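Step one of this worksheet: look at the structure below.
Note that the numbering runs from 1 along the sequence shown for the chain. On a predicted model such as this, the values are computed, not experimentally measured, just so you know.
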Amino acid sequence: MFILYNTLARKKQVFKPIGNTVTMYTCGLTVYDYAHIGNLRSFLFEDLLKRTLLLNGFKVKHVQNFTDVGHLVSDSDEGEDKMEVGATREKKTAWEIADFYINAFKEDFKALRMKEPDHWVRATDHIREMIELVKKIEEKGYTYLTEDGVYFNTLRMKGYGKLARLKAKGLKAGARVEMKGKRAPTDFALWKCSPLDRKRDMEWASPWCTGFPGWHIECSAMAIKYLGETIDIHCGGVDHIPVHHTNEIAQSETATGKKFANYWMHNEFMLVDGKKMSKSLGNFYTLKDITSKGFPPTAFRYLCLSVHYRSQMNFTLDSLRDAENAVKSINDFVFRLGQTRQENGTTHEMRHSIPRSKKIESALKNAKEDFMKSINNDLDTPNALAALFKLMKTVNKEIDSGKADRKSADAVREFFNDVNEIFDIFEKEEKPLTPEEKKLIDLRESFRHQKDFKAADEIREQLKGKGIILEDTPEGIRWRRIMKDGAKV
Ligand code: AMP
Ligand code: ZN
């Protein structure tokens, strides 16, 4: 049973998909700058959700967009288009800015081991679909024109603001919202006209004026196109609840007459040193800022997964260091288990002859139950991790006292492989040594016995060049491969 918190209902619900394949739409990055670590938290939460669905045996069809036009600096349809802000800042065109930051984002995505969506979709590739959708809304009588563009009439829509529990009628045109021809502060642009005195980098002809789409219409148009009129799950950060997602619902449900998404899921914000991230405070981090300090991406991945997605998360470098150590201890543990499998290896900590460890068997059974129960309870990763660490403690003790048998160790390793389907912080299987690598390890061993440490060290360096690290332990030599991002397997 997979339970998730549905923002729409404001409670946890048992997840029931519409069909055989779960349809999932995740609001993507506005590509006018690098993603900051708060954005990345949001995408890591969505990756966790998708992986948990897959672990539960669901098929998933996932679409994520790139907002490359129409997201204005202010949420109330005022100010500059963020893409134009980026273009002016970097003296490039908005198109060049979009291409550059899409590529940069895809690199971060890969480094953080997130599973690619089935479709990456760009707003600017779907202008035709957006215009068609606005026409449908217009035909139904929910729009009006101002000199600035086409606006959605929120006062006409019964149930507007249900996601955020807003009441459009109750909101007066406050001093903070510039109305500029809008009839209600909650009304929003579906299509904006280009300024008369200037040609924009990104503008298109439309039945109303040459211009560009309002920010929200892209997600409605692309979700409907790729996933259908009613989708299973729609996600994003909590900041999207009152405006972006509220307006996506208004547009989509007006156009189709159907419920837009059954489950709405939102991650809480990431703060840095207890404050909102901002360039002026100097606490604005990208993934590169973190990796250039020597942290592997897996440490950040683990850090985000160690905090429940609906809790605010306070990022500090100390917490990242703790996360790096936790990843290392899990890797060390998995490595220790894996050593028993190395038929060609140099050590056998646990031997066939030892009877099956009852302690490991029962600890493993409990850990499996606790892990699945936690992860399926609205993605409760902190509790799922607690179950893992408890198991690790028991198994390590059994290994230390020579009571761990190989079969139990294999069963634990198998469970960790399943866990890694969610956490993805170690390599699935240690690639066995090639005959040549094994020969080198044996040769080094014989040099050591002859006390020719210089020759032994040379071979150690040679193996390091091949990505194999040797460790001399009281139990004998251990080897491990190094992962691409520098974290040890
Ligand atoms: P944007 O590029 O602004 O559209 O944001 C991309 C995603 O990141 C959205 O789902 C936002 O809700 C989310 N987001 C933005 N800032 C933060 C933050 N500080 N913490 C967590 N999520 C965030
Ligand atoms: Zn969106």
Side chain to side chain donor-acceptor pair (under 3.5 Å) with [X]: which residues, sequence neighbours excluded?
{"X": "Arg51", "value": "Asp47, Asp424"}
{"X": "Asp289", "value": "Thr286"}
{"X": "Ser311", "value": "none"}
{"X": "Glu80", "value": "none"}

To the closest 0.5 Å, what do you measure between [atom1] ([X]) and [atom2] ([Y])?
{"X": "Asp418", "Y": "Met372", "atom1": "CG", "atom2": "CE", "result": "8.5 Å"}
{"X": "Leu320", "Y": "Thr316", "atom1": "CG", "atom2": "OG1", "result": "8.0 Å"}
{"X": "Lys288", "Y": "Lys293", "atom1": "NZ", "atom2": "NZ", "result": "15.0 Å"}
{"X": "Phe45", "Y": "His308", "atom1": "CZ", "atom2": "NE2", "result": "9.0 Å"}

Check the side chains of [Y] and [X] for a donor-acceptor pair under 3.5 angstrom, ignoring hydrogens and angles.
{"X": "Asn383", "Y": "Asp380", "result": "yes"}
{"X": "Thr67", "Y": "Asn65", "result": "yes"}
{"X": "Ser42", "Y": "Asn267", "result": "yes"}
{"X": "Asn247", "Y": "Tyr160", "result": "yes"}
{"X": "Thr26", "Y": "His62", "result": "yes"}

Using only atom types and a distance under 3.5 Å, with no angle test, would you say the side chain of [X] pairs donor to acceptor with the backbone of [Y]?
{"X": "Asn376", "Y": "Ile3", "value": "no"}
{"X": "Trp191", "Y": "Trp208", "value": "no"}
{"X": "Arg41", "Y": "Glu268", "value": "yes"}
{"X": "Asn39", "Y": "Ala35", "value": "no"}

Do [X] and [Y] have their ring centres less than 6.0 Å from each other?
{"X": "Phe333", "Y": "Phe416", "answer": "yes"}
{"X": "Phe66", "Y": "Tyr101", "answer": "no"}
{"X": "His234", "Y": "Phe260", "answer": "yes"}

TODO: Could you pull out the closest heavy-atom pair between Met277 and Val272, with the gap in Å?
DONE: CG-CG2, 3.8 Å

TODO: Of all the heavy-atom pairs spanning Leu48 and Leu379, show the shortest one and how long it is.
DONE: CD2-CB, 3.9 Å

Residues in ring-ring contact (aromatic ring centres under 6.0 Å, His included) contact with [X], at least two apart in sequence or another chain:
{"X": "Phe109", "value": "Phe105, Trp120"}
{"X": "Tyr32", "value": "none"}
{"X": "Phe423", "value": "none"}

Task: Where at least one partner belongs to residues 7-34, residue pairs that pass salt bridge (Lys or Arg N to Asp or Glu O under 4.0 Å), sequence neighbours excluded - done: Asp33-Arg89, Asp33-Lys279

Task: Sequence neighbours excluded, every pair satisfying salt bridge (Lys or Arg N to Asp or Glu O under 4.0 Å) that has a member inside residues 94-109 - done: Asp99-Arg122

Taking the basic N atoms (NZ, or NE/NH1/NH2) and the acidic carboxylate oxygens, is any pair closer than 4.0 Å for [X] and [Y]?
{"X": "Asp77", "Y": "Lys192", "value": "no"}
{"X": "Lys199", "Y": "Glu203", "value": "yes"}
{"X": "Glu324", "Y": "Arg321", "value": "no"}
{"X": "Glu369", "Y": "Lys373", "value": "no"}

TODO: Could you tell me whether the side chain of Met130 reaches within less than 4.5 Å of the side chain of Ser220, counting heavy atoms only?
DONE: no

Open item on the list: Within 45 degrees of the ring normal and closer than 6.0 Å to the centroid, is that where the cationic atom of Lys182 sits relative to Tyr151?
Closed with: no

Task: Those residues that, when tested against Asp378, pass salt bridge (Lys or Arg N to Asp or Glu O under 4.0 Å) (two or more places apart) - done: Arg310

Open item on the list: Testing Phe284, Phe295, Tyr285 one by one against Phe315 for a ring pair (Phe, Tyr, Trp, His ring centres under 6.0 Å), which residue passes?
Closed with: Tyr285

Task: Pair Phe426-Asp332, side chain to side chain contact (heavy atoms under 4.5 Å, CB included): steps then yes or no - done: CA-CA 10 Å; Phe426 58 84; Asp332 282 348; over 6 Å; no

- [ ] Could you go through the salt bridge (Lys or Arg N to Asp or Glu O under 4.0 Å) check for Glu132 and Lys135 one step at a time?
- [x] CA-CA 5 Å; Glu132 288 309 312; Lys135 281 206 258 175; 3.3 Å; yes

Task: Any pair counted as ring-ring contact (aromatic ring centres under 6.0 Å, His included), so long as it reaches residues 210-233, sequence neighbours left out - done: His71-Trp215, His119-Tyr226, His126-Tyr226, Phe188-His216, Trp215-His240, Trp215-His244, His216-His244

- [ ] Could you name each residue pair satisfying disulfide bond (SG atoms under 2.5 Å apart) that touches residues 206-246, not counting sequence neighbours?
- [x] Cys193-Cys209

